[in-house]
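Okay, so here's the structure we're looking at.
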Amino acid sequence: MVPHTARSPTILYGGAKGGSTTLQGKQDRVVEIKNRLAESQMVFSIPSEFLTVKQNSNLRNKMPEGTTMSVVKNTVMKRAIADSDWEASSSLLKGSNQWFFVGENIKGTLKEFTTFLKEEELKDKVEIKGGVIDGGAIDAAKVAYVGTLPSKKELIAKIAGGVKMVPTKLARVLNQPPTKVARAIKLAGETRD
């Protein structure tokens, strides 16, 4: 064994391996967060100190496909959001943050998050700090409200149902005896005037 006269912390403790400890690791993390933001429809944050590792893991597993969550250092997030549509989230960069990068299923993500808080009895401890959607900052109440809005799929289904009803109603009118059709046309003309 070779004697060490001066002990190097990197030898004793394994040294920096990347991650957020080296310049390259920090730059890689900024790129990773930028990529997550590019795939997101919405982001929101909660304080990270109230969840245990197990709770964090359980919550991560409950999130719908397209939603990721991560504890991100404020300086890394600040660099990732610079000169982007997400710059409005800079007001949330105080304290420790657990960020939720939400894809298309905003409603499902917020529903699962709320359900998790109830199941773990954390509703009084963990509150959403705020979020960003369409380039604008929203407070916790508005984040919760966004979760009550119909999803994109639900809206498309409603529109499709409404469009489908027009030909059906037209066919019913056209299948009526000619006198009823004439009356309907006359009524339609009178309501226009």
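Bear in mind that the values here come from a model prediction, so they are computed numbers and not experimental data. Every heavy atom of this structure was used, including side-chain atoms; hydrogens, water molecules and symmetry mates were not.
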So how far is it from [X] [atom1] to [Y] [atom2], rounded to the nearest 0.5 Å?
{"X": "I138", "Y": "M42", "atom1": "CD1", "atom2": "CE", "answer": "4.5 Å"}
{"X": "I33", "Y": "I81", "atom1": "CD1", "atom2": "CD1", "answer": "11.0 Å"}
{"X": "W99", "Y": "M69", "atom1": "CH2", "atom2": "CE", "answer": "13.5 Å"}
{"X": "T67", "Y": "L59", "atom1": "OG1", "atom2": "CG", "answer": "10.0 Å"}

Seminar exercise, completed: Sorted by chain and residue number, the side chain to side chain contact (heavy atoms under 4.5 Å, CB included) partners of K123 (sequence neighbours excluded) come out as T114, K118
Exercise. Quick one: side chain to side chain donor-acceptor pair (under 3.5 Å) partners of S96, sequence neighbours excluded?
Worked result: S48, E49
For the hydrophobic clusters of this structure (ILVMFWY residues joined by side-chain heavy atoms under 4.5 Å, transitively), does one cluster hold both [X] and [Y]?
{"X": "L117", "Y": "F50", "answer": "yes"}
{"X": "V72", "Y": "L92", "answer": "yes"}
{"X": "V146", "Y": "F116", "answer": "yes"}
{"X": "V102", "Y": "V143", "answer": "yes"}

Heavy atoms only: give me the nearest [X]-[Y] pair and the separation to one decimal.
{"X": "V71", "Y": "R29", "answer": "O-NH2, 3.0 Å"}
{"X": "M63", "Y": "T109", "answer": "SD-CG2, 3.6 Å"}
{"X": "V126", "Y": "I46", "answer": "CG1-CD1, 3.9 Å"}
{"X": "E127", "Y": "P47", "answer": "O-CD, 3.3 Å"}
{"X": "S70", "Y": "R36", "answer": "CB-NH1, 3.0 Å"}
{"X": "E120", "Y": "Q55", "answer": "OE1-NE2, 3.2 Å"}

For a 4.5 angstrom cut-off between non-hydrogen side-chain atoms, does [X] reach [Y]?
{"X": "E65", "Y": "N105", "value": "no"}
{"X": "V43", "Y": "W86", "value": "yes"}
{"X": "I106", "Y": "I133", "value": "yes"}
{"X": "N97", "Y": "K129", "value": "yes"}
{"X": "Q98", "Y": "N56", "value": "yes"}
{"X": "I128", "Y": "F113", "value": "yes"}

Problem set entry | Geometric class of the F100/F44 ring pair [parallel <30°, tilted 30-60°, perpendicular >60°] | parallel
Problem set entry | N/O donor-acceptor pair under 3.5 Å between N74 side chain and G95 backbone | yes
Problem set entry | Donor-acceptor contact below 3.5 Å, side chain K73 vs main chain K26 | no
For this session: Report yes or no: do E119 and N58 form a side-chain donor-acceptor pair below 3.5 Å?
Result: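 No donor-acceptor contact under 3.5 Å links the two side chains.
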For this session: State, without any angle test, whether D28 and Q24 hold a side-chain donor-acceptor pair at a distance under 3.5 Å.
Result: yes
Exercise. Heavy-atom count around N61 CG within 6.0 Å, excluding the residue itself: above 12?
Worked result: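 Counting neighbours around CG of N61, more than 12 heavy atoms of other residues, nucleotides or ligands fall under 6.0 Å, so yes.
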Problem set entry | Atom NZ of K62 with >12 non-hydrogen neighbours under 6.0 angstrom |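 Yes, NZ of K62 has more than 12 neighbouring heavy atoms, counting only those of other groups under 6.0 Å.
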